[in-house]
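Bear in mind the structure is a predicted one, so any value in this text is a computation, not a measurement. Labels below follow one simple rule: chain letters A, B, ... track the order of the sequence lines, proteins then strands, and each chain is numbered from 1.
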Number of protein chains: 2
Amino acid sequence: MNSPHFSTKQRILDSAEALFARHGFAGASLRQVTAAAKVNLAAVNYHFGSKENLINEVFRRRLDVLNSERLQALSAALAAPEVRLEDVLAAFIRPALAMAQDEHGGAGFVRVLARAYAEHNTQLRKFLHDNYSPTLKQFAAAFARLLPHLDKQELYWRLDIVSGALTYAMADFGLIKRRGTTPQQHQELAVQHLIKFAAAGLRAP
Amino acid sequence: MNSPHFSTKQRILDSAEALFARHGFAGASLRQVTAAAKVNLAAVNYHFGSKENLINEVFRRRLDVLNSERLQALSAALAAPEVRLEDVLAAFIRPALAMAQDEHGGAGFVRVLARAYAEHNTQLRKFLHDNYSPTLKQFAAAFARLLPHLDKQELYWRLDIVSGALTYAMADFGLIKRRGTTPQQHQELAVQHLIKFAAAGLRAP
DNA sequence: CTATCCTTCAAACGCCCGTTTGAGCGCGCG
DNA sequence: CGCGCGCTCAAACGGGCGTTTGAAGGATAG
């Protein structure tokens with residue numbers, strides 16, 4: 001990571017993501033970030049203007065990718081001859097967990113995301129809402145068609161629960177010990193268990 | 001809150017909990033904490049020794065209460081003539097959500113808890129594990145008896161998912177808009193939806 | 001009343017923070 | 001060629017940080 005042939009901006013973003021994940025936005029200093037990125041301290045303010053702006057860029061870089069991967073997977077699921085609930089759930093869950101396990105810092109980003117939720121930072125929440133809401137709406141519409149027995153309120157409650165379990169799994173908060181499994185195997189197990197559990201929960205009368 | 005007839009220690013704990021929730025452990029300074037608590041700056045180091053120790057005490061104060069409430073509710077559920085899955089789930093879920101909505105700062109504590117999870121602070125995670133694990137084991141045993149079709153691995157995966165959804169609900173991360181409902185009504189709805197969803201997910205083949 | 005102990009206080013300690021500055025560098029365009 | 005521009009650099013700025021100090025307060029026990 002941070003090998004010298006990457007640009008200064010990218011090295012800063014990578015280091016910032018990792019250090020924000022480990023120590024929080026306030027806990028990770030620009031001096032730590034620039035030292036890890038092997039760039040000059042002033043480079044942050046030169047390229048990003050401020051620490052606050054750097055934080056926003058750390059988010060933006062990842063969220064665009066996640067949204068497009070999810071929507072692409074959703075399209076594929078909806079294009080199948082028979083639309084299965086499990087496939088729509090997979091379109092929602094798998095890209096998120098894949099990013100969480102991604103070798104290039106994705107794991108760190110997810111913790112940054114969880115941390116952003118934990119802070120009640122209004123501006124950041126609005127940013128996240130603005131970026132997630134359209135995607136969530138498309139999924140909600142697909143789920144609504146597959147689960148006609150649920151009214152809108154009921155559906156949103158259940159999708160909220162699914163999001164919660166997913167977020168928790170992404171951040172690897174869980175207590176499950178992964179003995180003798182690779183991270184990839186662990187991720188695939190998490191995907192399968194989440195889909196099975198969520199499908200049953202969503203189908204409940 | 002922080003009315004002058006409470007002790008200095010208690011006022012510091014209350015203010016620290018609220019400010020840690022809002023700004024993080026690193027983001028909330030002892031000067032902010034002591035100003036909010038209307039005590040002298042040096043009182044923190046006098047009563048708690050260090051900021052690190054103050055953080056630990058913020059946790060300890062709440063976790064003991066939560067654990068005992070959960071175990072008491074579990075005992076009651078297991079003492080009933082017919083042990084129902086939904087009742088055991090309620091014993092796990094309701095005390096947690098009740099604390100999250102508790103008027104005296106509990107909401108803040110839950111965000112502190114979520115934040116502690118987001119940080120991969122090894123020492124803090126160990127502390128939380130040591131304090132939660134015995135309770136979780138008792139619940140796992142109860143669930144195992146009610147769900148004989150699940151092997152141990154499968155059960156732990158599913159309880160992990162339930163914990164995730166519950167944590168998310170506790171921190172009020174959700175996107176559900178609470179129009180025209182009191183926090184108490186919202187909490188009761190969350191409890192009911194979580195129980196229904198989790199029961200279906202746990203019973204899935 | 002005095003002595004003791006617990007608590008509070010203002011002030012100061014050295015340290016690290018985010019940001020700014022202005023000089024220096026090197027590449028590519030006119 | 002040489003000039004300009006994008007970028008990097010070391011250094012410094014004021015300010016907030018966690019912690020320590022030693023004196024002052026105030027209740028209680030002898």
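- To the nearest angstrom, C1' of C:dG18 lies 14 Å from CD1 of A:I12.
- The OG atom of B:S29 sits 8.5 Å away from the CG atom of B:L41 when rounded to the nearest 0.5 Å.
- Summarising the geometry, the separation between CD on B:Q32 and P on D:dG15 is reported as 17 Å, rounded to the nearest angstrom.
- A:K51 forms no cation-pi arrangement with A:F25, by the criterion of a distance under 6.0 Å to the ring centre and an angle within 45° of the ring axis.
- For the pair B:R158/A:K196, a side-chain contact is recorded, criterion being any heavy-atom separation below 4.5 Å from C-beta on.
- For A:R203, the side chain to side chain contact (heavy atoms under 4.5 Å, CB included) partners are A:L85, A:E86, A:L147, A:A199, not counting sequence neighbours.
- Proximity of A:H47 to the phosphate of D:dG6: no side-chain N or O atom is located under 4.0 Å from OP1 or OP2.
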Distances under 3.5 Å only, N/O to N/O: pair up the protein atoms with those of nucleotides 18-22 of chain D.
{"residue": "D:dG18", "atom": "OP1", "partner": "B:L30", "partner atom": "N", "Å": "3.4"}
{"residue": "D:dG18", "atom": "OP1", "partner": "B:K51", "partner atom": "NZ", "Å": "2.6"}
{"residue": "D:dG18", "atom": "OP2", "partner": "B:L30", "partner atom": "N", "Å": "2.8"}
{"residue": "D:dG18", "atom": "N7", "partner": "B:R31", "partner atom": "NH1", "Å": "2.6"}
{"residue": "D:dG18", "atom": "N7", "partner": "B:R31", "partner atom": "NH2", "Å": "3.4"}
{"residue": "D:dG18", "atom": "O6", "partner": "B:R31", "partner atom": "NH2", "Å": "2.7"}
{"residue": "D:dT19", "atom": "OP2", "partner": "B:N45", "partner atom": "OD1", "Å": "3.4"}
{"residue": "D:dT19", "atom": "OP2", "partner": "B:K51", "partner atom": "N", "Å": "2.9"}

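- For B:Q72, the side chain to side chain donor-acceptor pair (under 3.5 Å) test picks out no residue, with sequence neighbours left out.
- OP1 or OP2 of D:dT8 lies within a sub-4.0 Å distance of a side-chain N or O belonging to A:T8.
- Classification of the B:H193-A:W157 ring pair by plane angle, with boundaries at 30° and 60°, yields parallel.
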